[in-house]
Amino acid sequence: MYKSLLCWRYLRHRYIALASVVSVMLGVATMIVVNSVMAGFADKMRSRLHGVLADVIVESYDLDGFWNHQEVMARINEVAGKDILAMAPTMETFGLAKWTVNGHPFTRQVQIIGIQPAERAKTGDFAEFLYENKEATEREKPVNMPPSFEITQKVKRNRPAGRFLEGEPENSPFEHLVNQQIEQEVSDNGTIIGFAVGHIHFDGKDVPIAPPGTKIGLVFPAAGAKPKPGYDDFTVVGFFKSGMSEYDSSHVYVPLERLQAMRLLGDGQGKGAVNQIQVKAKPGANLDKLAAKLQTALEGLRPMFFKVSTWEQKQGPLLSAVAVEQSILNILLFFIIAVAGFGILAIFSMIVVEKTRDIGVLKALGASSAGIRQIFLGYGLALGIVGSGVGMLGGLLFVWKINAIEGWLSRVTGRKVFDDGIYYFSSIPTLVEPMTVAWIVGGALFIAVVASIWPAHRASKLRPVQALRFE
Amino acid sequence: MAIQLAASGVEKAYRKGRNEVPVLHGVDLQVERGEFVAVVGQSGSGKSTLLHLLGLLDTPDTGIVQLEGERIDNLPERRRDNLRNRTFGFIFQFYHLLPELSAVENVMLPHMIRLKAFTYLKQRKAIRARATELLERVGLGHRLTHKPNELSGGEMQRAAIARALAGGPEILLADEPTGNLDSASGQSVLELLRDLNRERSLTMMMVTHDQSIAQQADRIVRLAEGRIEEWATANV
């Protein structure tokens, strides 16, 4: 009983020891904050990646793809129909985008993806990433564009010629002339381009360089044994903004049929080749198993032609890079707590020296060596509980209020601490994983106890008379 | 009367760096039940060491210590701890109260150490009442919840005496109990010890270097250079 009483009293009266716990506290708080923010980023990134990519992607090794996608899809349905919600054939190829705005020519290297927008929207969050506003300066605005390549009147009016009509009354005599002019300028086919393809990030703002209505020329390899470049004009109807800069700066979506025709891979009557099938699985389906099953089935259809991967496998290096970063950071941060452990060790050794006489008295009153050891081990544990407990609360509070803190820091320092232009996040994403918090707190407690073992052992080995002679 | 506590042929040396400093060279001493013995001698004569050996705070290099005819210096640690808790009560020159605990908690300490947490909690009220009673007996009824640093030297020594009595010991070992007190409070502490010796028939052994204090004991043992020099019966 005297052990817990003394632990408690030491805890309340020895402020120097509480100072040693501040380092434990800071270590725990830092680890919780860093882990929550990194988990938040990783989670957000995964959901965005997953939003762009379908659950499972069936693709051909050959860029020119396959014509029998109906047959392939039927085969997929046959082997795994019960796990599958939707499928969309797409055609993906690399290429160049060239356009001119206000006399300035632009060229970009792009990934051209031919899709049937309505079908593609069923296999992922594609539709939620589409924006039609010409100046999408506000980030993560709600969806305001249907998944369609239709060139609306609004888009057409955005052509340079359309500006003549600004301020003109309805049924102006010019309208017919201007519309004629526009029809001549605008291509029949719409395109949705990546947000970062159509904008330049400059001085904290996104400056549009390809507003809706812009005519964009795409160059891509046409099919054939000796591929020749294909070329076609498209009209920008909207932007694709997933928040993954890799996609937003390269993806250009065009109508599938048009791309097939221009790559000489379509008959112009709705039949054509595709090189990918996006598969959306039912919730809860095991994607790895599904992918493996489809791979086997498609090998039977045409050996060594199809490659089936889950979205995680496709982005494997990126996802594992994040995981590696997180674990390395954790190892480094854990050293902070280890340092705190040595602080406890040092201060505890001092306390044992200071308490030598009390230890002698306790032994003279009949306390056992084990009892003395338990006092100091218990004291270490109590300090650990205080340190990691306060650290945990502080860390969680920081995570909870991180965006307010960021705003305040930005105001005080006069510069943006978290530049949302880099990640396209309007706020710092966080995700508190209870297991991680438990591990951090448990680790800190463990270190606090381990650090007090040696001083506690030394205290218990003091012979009473040794302790009492200390005068 | 029967011999309660005895030392025979006790030798003890301390190490100071490389040198071995002999403190006791074969001491024989017998203390009877209920006796009040004063051990006098110059500083360095080994009187405190003798007290520590008798009270199992230390072990002799050679020789034996007996309690009621049974050898106790070579008992296992647990039994020695138990004897210190139940049979011996210690009083030190510098009181050695635990600064984090109040007077009454200091007096409750022997029971806290003796009992398991659950038993202690069940008996807490009774133990506290007994500790209060003891503090009242030593004249500290008004200082129960004071911390040691709020007490005067005489009061601290009285609290320490109450703590030494709390475990219900048979033998009280006092190491210069008045050494750090002015003569008035020293005298009153001594009277308290004297009274306790009488009313509870406690065996008492007191180390002092002050002849006038030693005079108040039943018997004086003089130590010089690690040996017992003379036995004298005090003229009470």
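Keep in mind that the numbers below use all heavy atoms, side chains included, and drop hydrogens, waters and symmetry copies. All chains are named by letter (A, B, ...) in the order of the sequence lines, taking the proteins before the strands, and each is independently numbered beginning at 1.
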Exercise. More than 12 non-hydrogen atoms from neighbouring residues, nucleotides or ligands closer than 6.0 Å to CD on B/E68, yes or no?
Worked result: yes
Exercise. Given that the side chain runs from C-beta out, which part of B/L101 has a heavy atom under 4.5 Å from chain A: side chain, backbone, both or neither?
Worked result: both
For this session: On the 0 to 90° scale, with breaks at 30° and 60°, tag the A/F376-A/Y10 ring pair as parallel, tilted or perpendicular.
Result: tilted
For this session: Give me the ring orientation class for B/H96 and B/F94: parallel if the planes are under 30° apart, tilted from 30 to 60°, perpendicular past 60°.
Result: tilted
Problem set entry | Residue part contacting chain B, namely of A/S369, when any heavy atom lies under 4.5 Å | both
Problem set entry | Heavy-atom contact with chain B under 4.5 Å, split by part of A/L5 | side chain
Exercise. If you measure only the distance, is there a donor-acceptor pair under 3.5 Å linking the side chains of A/E406 and A/S410?
Worked result: yes
